[in-house]
Amino acid sequence: MSATLATPRLALVKGEPFTQMPLDLYIPPDALAVYLSAFEGPLDLLLYLIRRHNLDVLDIPMAEITRQYMAYVDLMRSKQLELAAEYLLMAALLIEIKSRMLLPRHAHLDESDEQADPRAELVRRLLEYEQMKAAALELDEQPRRGRDYQAIAVWHEDAAKLLPHVESADLRIAWLGLLARAGTQQHHKVGHQALSVREAMSHLLEALQHGDYVEFTRLFDPAQGRSRLVVTFIAMLELVREQLIEIAQNAAFSPIYVRLMYVHE
Amino acid sequence: MNNIQDLKLILESVLLSSREPISINEMRRLFDDDLSIELLRRALDELCLAWQGRGVELVQIAEGWRFQTRPEYQRYLSRLNPEKQPKYSRAVMETLAIIAYKQPVTRGDIEEIRGVTVNSQIIKTLEERDWIKVVGHRDVPGRPALFATTASFLSDLNLRALDELPALLDLGSLTHANPHTAELNLEL
Amino acid sequence: MNNIQDLKLILESVLLSSREPISINEMRRLFDDDLSIELLRRALDELCLAWQGRGVELVQIAEGWRFQTRPEYQRYLSRLNPEKQPKYSRAVMETLAIIAYKQPVTRGDIEEIRGVTVNSQIIKTLEERDWIKVVGHRDVPGRPALFATTASFLSDLNLRALDELPALLDLGSLTHANPHTAELNLEL
């Protein structure tokens, strides 16, 4: 199916010749990014390969699994996907285990038998991870307040009197939550400067609340300093752009007047 | 929903789980079938009756129906560990944050940023707290109200001016630079 | 308070009015008389029975007793308040599972098991939900924080104690093919 994956020379697996790459290893390139992000890391990817191919986790065919694992890693690299360092670390570990398995075993090593299989530690980690992965699925299915049920709280007088406390840091958190959910769809570029413009816009709208024309110069308070004046002016331009206010001047050099747009239609 | 018994069970659960009153119209929207107002009223009347003599009662107030604790039971409540400080829901906090940072904004602006409709209750909560107010109307069809924060919002949050709010400059760039944003999306 | 009927009315009202669970000890403090725990338990048991078959149930969880809606009624509640509940990513849920089952653990422990770095955002998400907290520091260089789950984690998951968590899969059974993990979860 995939020329990049199928190598002419295939491995012996447990003495059986391995003649064909598993078909499901081929991933349409477009789907790759989505597919790979479905893995929670190298352990997850390894587990997937082992379970998908029904391999014996206690007797992992290192050559085969290493080759398949490397195929994924190479794919990730060729697609220039950001490859977490952990994936490369795991690749190195797999290769190391594979080469240690090729070394002849010395008879005197047999006394420390559990050390004898270079795969033991990897197997332990895989199983531990798999156990936690299954536990996470179970936890997710547990009834959860807010998602599956609600706590009851009927109205009472005290509840009405108790007002939630809010600090400015809470607003920051709320905003961060919004940003995170908005993801890449929207850009919220709000900085200090923009903020004071927004504030000045609110002030201007308030000053114009009664609906009458207000003289342009009366909307500026020189006592507030130059930067404030600039901000107020920018705010005024912004309000004009948003068609919230209108500015009028009867003749050149005559006074300029500002009023709310909507009051007079 | 043919059975008034089921209807009562549903209404009771919904009403018990909300501190805010629920209007008949909101109740009707709970069901796929088009329930008659008469049927709903009958179910509510029966519920009222069923709750008589209890410490909690179902009452109708201007904004709708709600369960509330009878005043005689209030004294037990006050003995409860000073009730843990209530919190605003995420919806309220996000709406407040949008109004604070992007003012003046319309409800539509808020909905666009949050991606969900803004419940009237949320606006009302913030208005009643005197933290937001209408400062004008945008000159577009429907002339939607423009919301801004109030002076008492600033003083309650111990701020002298809006620009003392936590700066968003660096936070805003999250959407571009951080490759984990897509991931973040799922984690929150 | 001689009458168990009155006692039940009071407990019901107080429990219905409080969003937070109430412990037996807190309940005892509601009354001037020194009520026996047995009497309280009997009243609570009878209340539980009385609420059977309704959309709301009285349950005992880690932090005490609380009324809550039955999951079957959630679809009506979500229509009333269409706020989307956060769906936690696999990364968040795996981190939570490791903290829940192996607590107390450091971030390093979690990374060791998952084989990837743990994003700070994940920890923050769980802390903000009040599901995990720092319970100490391991006495090794850097004194890393030790995380454990909170009582409100148990309560939110409708559990009384940690030993009510779903049992872990036996490692022995994992050495055989496991349909659970063979499936690639592609929900993104």
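All values below were derived from every heavy atom in this structure, side-chain atoms included, with hydrogens, water molecules and symmetry-related copies excluded. All chains are named by letter (A, B, ...) in the order of the sequence lines, taking the proteins before the strands, and each is independently numbered beginning at 1.
We find the CZ-CE distance between A:R172 and B:M93 to be 12.5 Å, quoted to the nearest 0.5 Å. Atoms OG and CG, from A:S168 and B:D156 in turn, are 12.5 Å apart once rounded to the nearest 0.5 Å. Taking OG from B:S18 and CD from A:Q150, the interatomic distance works out to 10.0 Å, rounded to the nearest 0.5 Å.
Taking both residues in full, the closest heavy atoms of A:Q243 and B:D139 are given as O-CB, 3.3 Å, listed atom of the first, atom of the second, then distance. Nearest approach of B:E94 to A:A174, heavy atoms of both residues: CG-O, 3.8 Å. Nearest heavy atom pair, residue B:Y88 against residue A:V166, reads CD1-CG2, 3.6 Å. The shortest heavy-atom contact between B:L162 and A:E199 is N-OE2, 3.2 Å. Of all the heavy atoms in A:E167 and B:L157, the pair that sits closest is C-CD2, 4.0 Å. In this structure, A:L171 and B:F153 approach most closely via the heavy-atom pair CD1-CZ, 3.6 Å.
Note: B:P104 leads B:P71, B:P104, B:A148 in heavy-atom pairs under 4.5 Å with chain A. Per-residue counts of heavy-atom pairs under 4.5 Å with chain A were compared for B:V92, B:L15, B:V140, B:T69; the largest is that of B:T69. Ranked by non-hydrogen atom pairs under 4.5 Å with chain B, the options A:L239, A:D170, A:L205, A:I173 are led by A:L205.
Looking at A:E242, its side chain never comes within 3.5 Å of a backbone N or O of B:R138 through a donor-acceptor pair. Looking at A:R198, its side chain does come within 3.5 Å of a backbone N or O of B:K102 through a donor-acceptor pair.
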Walk me through it: do A:I152 and B:F67 pass the test side chain to side chain contact (heavy atoms under 4.5 Å, CB included)?
-> CA-CA 11 Å; A:I152 296 299; B:F67 274 105; over 6 Å; no
For the pair B:R70 and A:H156, evaluate side chain to side chain contact (heavy atoms under 4.5 Å, CB included) and give the outcome as yes or no after the intermediate values.
-> CA-CA 8 Å; B:R70 276 181 213 276; A:H156 59 91; over 6 Å; no
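For A:F216, the CZ atom sits in a packed shell: over 12 heavy atoms of surrounding residues, nucleotides or ligands are nearer than 6.0 Å.
Remark: B:R66 is positioned above the aromatic ring of A:W155, its terminal NZ or CZ atom under 6.0 angstrom from the ring centre and at most 45 degrees off the axis.
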